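Written out below as structure tokens is the structure these notes cover.
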Amino acid sequence: MVDSTSPVTPPVSRSNSARNRSWWGWGTADKALPDTECTALGGLVQGSAATPLPVPDISALELPKVRIEPPSALAPLMSAAPRDRASHTYGKAYRDVVRALNGDLSAAPDQVAHPRTEQDVIDVLDWAADADVAVVPYGAGSSVVGGVEYRADRHRGVVSLDLSSLGRVLEIDPVSRAARIQAGALGPDLEAQLRPHGLTLRHFPQSFEFSTLGGWLATRAGGHYATLYTHIDDLVESLRVVTPVGVNESLRLPGSGAGPSPDRMFLGSEGTLGVITEAWMRLQDRPRHKASATVLFSDVHAAMNAVRAIAQAGLHPANCRLLDPGEAALAGVARDGESVLVLGVESAHSPVGERLAELVTLARDHGGSPAPAATDAEDAAAGTWRSAFLRMPYLRDALARMSVITETFETACTWDRAPGLYESVRRDLGDVVREVTGTAGTVNCRFTHVYPDGPAPYFTVIAPGRRGEEVAMWDEIKAAAMQILTDHGATVTHHHAVGRDHRPGYDRQRPEPFAHALRAMKQSLDPAGILNPGVLFDPAVAD
């Protein structure tokens, strides 16, 4: 086992990504669409604005007055620079992007803390609790549910606790195939430190480049892989969490029946019970064999039946993405009204051709028309879909600049409810979109993850908005979507967390006895109520 006093590999340089991060939108500034491309993209949505919203000059932004100053011992960790405060104000939801473009940074934190050690985290929390300062844990800011935005007004000030300096792989246990990793490790940096050892965490959410291990854990993130190990929960061996009343560290165990899991208390707690600083994570050997195929369906419900058969067959494809006709057309993989099923398999140990053939046969048995499989690389449709998938957040930002309403939301339900949910969202939410925007808009769907007992549908809404009213229109559509999901017994979120935007739906979904226990845990672990107030429950309720 590698000595924990030094990193497994030298700390990975984050300079290129960090320096070039967009303060207002997704990803890096150099990949944002220029004005001409924004205008061209907006032209595809009838009723969009004629010109894009300009990107504000950060030096000209009006930020709220700084209300708090840290004690001298913490001052080296803190920054009140305009760019730091602006870039830590919001996450990356549509409403966040629009408000940033309009120069509305009224929720900006007073200070941004950059702890270099776990002791720094402890010191910040100790000071904040005594000084009545709210602390919002911050991984890389990719939240799309209001998870990193302070919306209360009951504290003297707000500190955004940026964990990006805690980004190392500290130990690797090759015998147990696990690693101790700091919570601030970005996806690419984490994998770069594991790669020389032939290992991978194998967790690749769409936000992989711009999100951290701690963020994944705090939000119970879902990765790219469609079956088997889909959520970060499945990969956790133990957690180390700093709370205002002490450090909680669980035992490293492959499994345990010793009472409620201490890790489960913090997984999905979204920074409101404690700050995750380290975790022992289960690793896998890096895959060497990959193959993929695409199957077309003329009937979306037949395609759903095919996906259900695949999910229940125990073949565990790495990719099993079903795109309905609208989503397939949007991604550029089909334009004749077909639904498209993208299948992928991989292995670190043996060829996967036979397993892919079984999957394609199952799809064919349910009415699918397969294209020839690619054995060494993704086929054309799969590659096109992947490129569109990774590019989509930048396109969303470009549409936002054209005052186009874009919303994505994911859910999960049992298979018996899936067809009805799909039809209801497209019909009922389509009616809401028409009422709110005055146009029919677009409501598309894809299945991102599938389980033996149900799928995880992911919906996309696109419609022209009215300049100056985008946030209010988005909020109205969002509220309607959450209500439809609740009415159908579906979850309000499958992998994007609760934050503040999903609170109404989460309040309806969560059993009241559990809500009572959660509030009691908050009071016990965070008696001053400083950690991420407003996430999971209201600050006033937690007192």
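Keep in mind that what you see is a predicted model, and the values were worked out from it rather than measured.
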Is the [atom1] atom of [X] crowded by more than 12 outside heavy atoms at less than 6.0 Å?
X: D57; atom1: CG; answer: yes
X: R220; atom1: CZ; answer: no
X: E435; atom1: CD; answer: no
X: Y229; atom1: OH; answer: no
X: E423; atom1: CD; answer: yes

Hey, what do you get for [atom1] ([X]) to [atom2] ([Y]), rounding to the nearest 0.5 Å?
X: L161; Y: Q111; atom1: CG; atom2: CD; result: 12.5 Å
X: T219; Y: I232; atom1: OG1; atom2: CD1; result: 9.0 Å
X: L323; Y: L330; atom1: CG; atom2: CG; result: 9.0 Å
X: I276; Y: L166; atom1: CD1; atom2: CG; result: 13.0 Å
X: T448; Y: R321; atom1: OG1; atom2: CZ; result: 5.5 Å
X: T51; Y: R401; atom1: OG1; atom2: CZ; result: 9.5 Å

Is it true that [X] and [Y] make a salt bridge, defined as a side-chain N closer than 4.0 Å to a carboxylate O?
X: E512; Y: R519; result: yes
X: D431; Y: R426; result: no
X: R503; Y: D538; result: yes
X: R396; Y: E407; result: no
X: R95; Y: D475; result: yes
X: D110; Y: K65; result: no
X: R156; Y: D132; result: no
X: D526; Y: K522; result: yes

Does the side chain of [X] reach to within under 4.5 Å of the side chain of [Y], using non-hydrogen atoms?
X: M304; Y: V300; value: yes
X: V275; Y: L163; value: yes
X: V133; Y: V158; value: no
X: P205; Y: S211; value: yes
X: R500; Y: V145; value: no
X: L61; Y: W23; value: yes
X: R85; Y: P64; value: yes
X: V443; Y: V425; value: yes

V461 vs F409, side-chain contact (heavy atoms from CB on, under 4.5 Å): CA-CA, chis, key distance, verdict: CA-CA 9 Å; V461 179; F409 61 95; 4.2 Å; yes

When you measure from the side chain of [X] to the backbone N and O of [Y], does any donor-acceptor pair fall under 3.5 Å?
X: T227; Y: P317; result: yes
X: D453; Y: T414; result: no
X: R417; Y: G489; result: yes
X: W415; Y: Y451; result: yes
X: D189; Y: E191; result: no
X: K92; Y: G25; result: yes
X: D299; Y: H301; result: yes
X: R466; Y: S403; result: no
X: S424; Y: G420; result: no
X: E470; Y: G468; result: yes

Verdict with reasoning, T493 to E410, per side-chain hydrogen bond (donor to acceptor under 3.5 Å, both in side chains): CA-CA 6 Å; T493 176; E410 23 62 73; 3.2 Å; yes

Residue pair N532 / Y150, side-chain donor-acceptor N/O under 3.5 Å: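 Note: N532 and Y150 side chains miss the donor-acceptor criterion.
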
CA sep, side-chain torsions, deciding dist, call: T491, Q509, side-chain hydrogen bond (donor to acceptor under 3.5 Å, both in side chains): CA-CA 7 Å; T491 182; Q509 177 178 329; 3.1 Å; yes

Worked check of side-chain contact (heavy atoms from CB on, under 4.5 Å) between I68 and V159: CA-CA 9 Å; I68 55 170; V159 169; 4.1 Å; yes

Verdict with reasoning, R99 to E149, per salt bridge (charged side-chain N to carboxylate O under 4.0 Å, His left out): CA-CA 12 Å; R99 287 181 294 167; E149 176 193 352; 2.9 Å; yes

Using every non-hydrogen atom in the two residues, find where [X] and [Y] come nearest and quote the distance to one decimal.
X: V433; Y: A440; value: CG1-O, 3.9 Å
X: L53; Y: A400; value: CD1-O, 3.9 Å
X: A50; Y: T39; value: O-CG2, 3.9 Å

Audit row: T272, F537, side-chain contact (heavy atoms from CB on, under 4.5 Å) steps and yes/no: CA-CA 9 Å; T272 194; F537 37 74; 4.2 Å; yes

Working for side-chain hydrogen bond (donor to acceptor under 3.5 Å, both in side chains), residues Q206 and H224: CA-CA 7 Å; Q206 187 179 33; H224 166 77; over 6 Å; no

Trace of the side-chain hydrogen bond (donor to acceptor under 3.5 Å, both in side chains) decision for H203 with Y225: CA-CA 8 Å; H203 185 77; Y225 294 100; over 6 Å; no

Can you say whether the rings of [X] and [Y] are parallel (under 30°), tilted (30 to 60°) or perpendicular (over 60°)?
X: H88; Y: H114; value: perpendicular
X: Y94; Y: W474; value: parallel
X: W216; Y: F208; value: parallel
X: H449; Y: H494; value: tilted

Candidate pair V98 and Y90, rule side-chain contact (heavy atoms from CB on, under 4.5 Å), full reasoning: CA-CA 11 Å; V98 171; Y90 301 127; over 6 Å; no

